[in-house]
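Okay, so here's the structure we're looking at.
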Amino acid sequence: MKQELLSAQAGEPFALRNLRLPMGTVPTASLTQAGDGLLDADMVIAGGRIDWLGPPASRDDLPNGLDMAKAMAWPGPVDCHTHLDKALVWQRSPNADGTFDGASSSAGRDAAAFHCADDIRQRADFALKAAFAHGTTAIRSHVDSGRASFGQAFATLCELADDWRNRITLQVCPFVGLDEGPDWIRKVAERACHDHAGILSVFVPTRPELDGALDDVMAIAGRYGLQLDFHADEILDPASRCLDAIARAVLRNGFDRPVLVGHCCALSVQPRQTLERTLERVAKAGIGIVSLPLCNAYLMDRRDGETPRYRGCAPVHEIRKHGIPVAIASDNVRDAFHAYGDHDVPELFRDAVRMMQLDHPLGDWAAAVTTSAADLMGLPGRGRLEPGAPADLILFTARNWSEFISRPLSDRIVLRDGYPIDTTPPDYRLLDAMKGMRV
């Protein structure tokens, strides 16, 4: 299939016939239902963009048509919650016990011992190369390397955002803990006023009184014209009510800029009545939720020698029933908070379907890593298949969700501007020479 695409794409328009597209990625076209959240379609690509999209066999004048035999086509996915500045350090700074506390300690030691501009650049660039090879078109990365190295980490990722601007849209989110106080939060917010940023990222700890500190954050973000992206309730404690506190703060302060909240693990162990009241407030406040299932399943309910009973996944089915936009994202990759991963969003989605029972029917859940994720990042031109959109696609031989979920996706074809790219991820050996790395 790839060779046929290379031959067909020679500056001339060409058609991909007999495709299958996931619902939720096609916001405007009226296509034929294929069942279980898939649509049958033909597509014309011209000038590096989707020129036309319609029902199969509805036109007899399609140029240079290739029969795709019901292969599934995705828009380039969107990863709206990552930590590129911390990624890929497992071989020098592993998490000794796999717990959240162990991860925090290990990450702090790694930042103090190794983080410099060159170190961060090498690892983040490696991560971007992997994401690009897997088909990702946009990423939001938090920057939380600690006060000593925060400035160089933020500057380095902004430089990488410039370097990668024609391949991946990289949003850089300065990250601060709510307990670090308004003075430091204000300094971090000043750095967030940048072309590649515009978002202030805040970790909200579980504690009895949050209102005053959240009011301070809303005031600072409002003063600098920033969006907000919170880490909240990353704990299996039903008494943790950080998301509810954030929703009340948004409503109380009349904060009218986009707000996204990640993790929300505590909601999975709260009584249904408590959960429903919180979600009603979240919906009223217009907040979006991003679930990080792989990282949270790695950390949550870990006890030495025991099988975990709770996985810490945000209750995404209940969240969507309230009309709250939901995304699914990678979070940490090969660092102390999550020992595994490769910034591969389709692979993440396969795992999420199995872990979170997003199936039967699968419906439009693919939007959680495409259109919904793009909208939550403020990127309406990404993560969707429609006329005029860039022809940044992934083609899978899988014809239905059972085939898609059942086998590795190593045979994918990634198109950028309608042209196939090399999908070979970077070799791990490229990281071996970095300080402190062990094989």
Side-chain angles (χ1 to χ4, degrees), residues 1-22 24-29 31 39 41-56 58-59 61-68 71-79 128-139 160-171 195-196 343-346 366-367 369-371 373-375 377-397 409 411-425:
M1 189 190 300
K2 187 171 184 178
Q3 188 57 48
E4 292 175 329
L5 285 165
L6 286 167
S7 299
Q9 207 284 347
E12 298 296 326
F14 64 98
L16 302 178
R17 299 177 185 268
N18 204 11
L19 289 168
R20 287 247 164 107
L21 314 179
T25 68
V26 189
T28 57
L31 302 176
L39 304 167
D42 289 345
M43 179 187 298
V44 174
I45 294 175
R49 295 189 171 270
I50 299 172
D51 184 66
W52 177 85
L53 190 63
S58 60
R59 284 179 53 177
D61 62 339
L62 296 183
N64 302 316
L66 297 176
D67 186 351
M68 305 305 291
M72 196 182 296
W74 278 38
V78 173
D79 205 350
L128 289 165
K129 287 174 179 174
F132 182 75
H134 296 315
T136 296
T137 58
I139 292 176
L160 281 171
D162 280 327
D163 294 346
W164 279 84
R165 67 167 61 246
N166 294 322
R167 292 168 288 174
I168 290 178
T169 300
L170 175 58
Q171 290 182 348
D195 289 347
H196 297 301
H343 293 100
D344 184 348
V345 176
V369 292
T370 54
T371 49
D375 290 344
M377 284 180 63
L379 301 173
R382 287 295 183 187
R384 62 199 73 224
L385 300 169
E386 59 185 349
D392 297 339
L393 315 176
I394 309 179
L395 303 174
F396 304 98
T397 56
L409 304 170
D411 62 349
R412 76 188 72 177
I413 297 171
V414 177
L415 304 184
R416 287 304 181 99
D417 298 323
Y419 192 81
I421 67 167
D422 183 2
T423 55
T424 306

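Note that this is a predicted model, so its numbers are computed, not measured.
The OG1 atom of Thr137 sits 11.5 Å away from the CH2 atom of Trp74 when rounded to the nearest 0.5 Å. Of the inter-residue distances, the one linking Thr423 atom OG1 with Ile413 atom CD1 reads 8.5 Å to the nearest 0.5 angstrom.
At least one side-chain heavy atom of Ile394 sits less than 4.5 Å from a side-chain heavy atom of Pro346. Side-chain contact check for Leu21 versus Leu53: some heavy-atom pair is nearer than 4.5 Å. You'll find the side chain of Met68 stays beyond 4.5 Å of the side chain of Arg17, heavy atoms only. Taking 4.5 Å as the limit, some side-chain heavy atom of Leu128 sits within range of a side-chain heavy atom of Ile139. In this structure the side chain of Asp392 never reaches within 4.5 angstrom of the side chain of Arg49, judged on heavy atoms. At least one side-chain heavy atom of Ile50 sits less than 4.5 Å from a side-chain heavy atom of Leu385. Looking at heavy atoms from C-beta onward, Met43 lies in side-chain contact with Leu393 at the 4.5 angstrom threshold. Between Pro425 and Phe132, every side-chain heavy-atom pair lies at or beyond the 4.5 Å cut-off.
For the pair Arg412 and Asp344, the salt-bridge criterion is met [side-chain N within less than 4.0 Å of a carboxylate O].
The shortest heavy-atom contact between Leu62 and Ala15 is CB-CB, 3.7 Å. A pairwise comparison of heavy atoms in Ile168 and Ala131 identifies CD1-CB, 4.1 Å as the closest pair. Gly381 and Pro390 get closest at one heavy-atom pair: O-CD, 4.1 Å. In this structure, Gly24 and Thr371 approach most closely via the heavy-atom pair O-OG1, 2.7 Å. Taking all atoms of both residues into account, the shortest heavy-atom contact from Gly378 to Pro380 is O-CD, 3.3 Å. Looking at every heavy atom in both residues, Thr424 comes nearest to Ala133 through O-CB, 3.9 Å.
Counted by atom type alone, Thr136 and Asp79 present zero donor-acceptor pairs between their side chains at under 3.5 Å.
Without hydrogens or angle criteria, Arg167 side chain to Asp163 main chain gives a donor-acceptor distance under 3.5 Å. Asp42 places a side-chain N or O within 3.5 Å of a backbone atom of Asn18 that can act as its donor or acceptor partner. Distance alone, capped at 3.5 Å, is enough to place a donor-acceptor pair between the Gln171 side chain and the Met377 backbone. A distance-only check finds a donor-acceptor pair linking the side chain of Asn64 to the backbone of Pro13 [under 3.5 Å]. In terms of modelled atom types and a separation under 3.5 Å, the side chain of Asp51 and the main chain of Val44 share no donor-acceptor contact. With hydrogens and angles disregarded, no donor-acceptor distance shorter than 3.5 Å links the side chain of Asp417 to the backbone of Tyr419. Checking side-chain atoms of Arg384 against main-chain N and O of Arg382 turns up a donor-acceptor pair under 3.5 Å.
Legend: residues meeting side chain to side chain donor-acceptor pair (under 3.5 Å) with His343, ordered by chain and number and at least two apart, are absent.
By the neighbour-count criterion of 12 heavy atoms within 6.0 Å, atom CG of Asp195 is sparsely surrounded, having that number or fewer from other residues, nucleotides or ligands.
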Candidate pair Leu395 and Val414, rule side-chain contact (heavy atoms from CB on, under 4.5 Å), full reasoning: CA-CA 6 Å; Leu395 303 174; Val414 177; over 6 Å; no
Evaluation steps, side-chain contact (heavy atoms from CB on, under 4.5 Å), between Val369 and Val78: CA-CA 6 Å; Val369 292; Val78 173; over 6 Å; no
Stepwise side-chain contact (heavy atoms from CB on, under 4.5 Å) test for His196 and Asp162: CA-CA 8 Å; His196 297 301; Asp162 280 327; 2.8 Å; yes
Derivation and outcome, side-chain contact (heavy atoms from CB on, under 4.5 Å), residues Trp164 and Leu170: CA-CA 8 Å; Trp164 279 84; Leu170 175 58; 5.7 Å; no
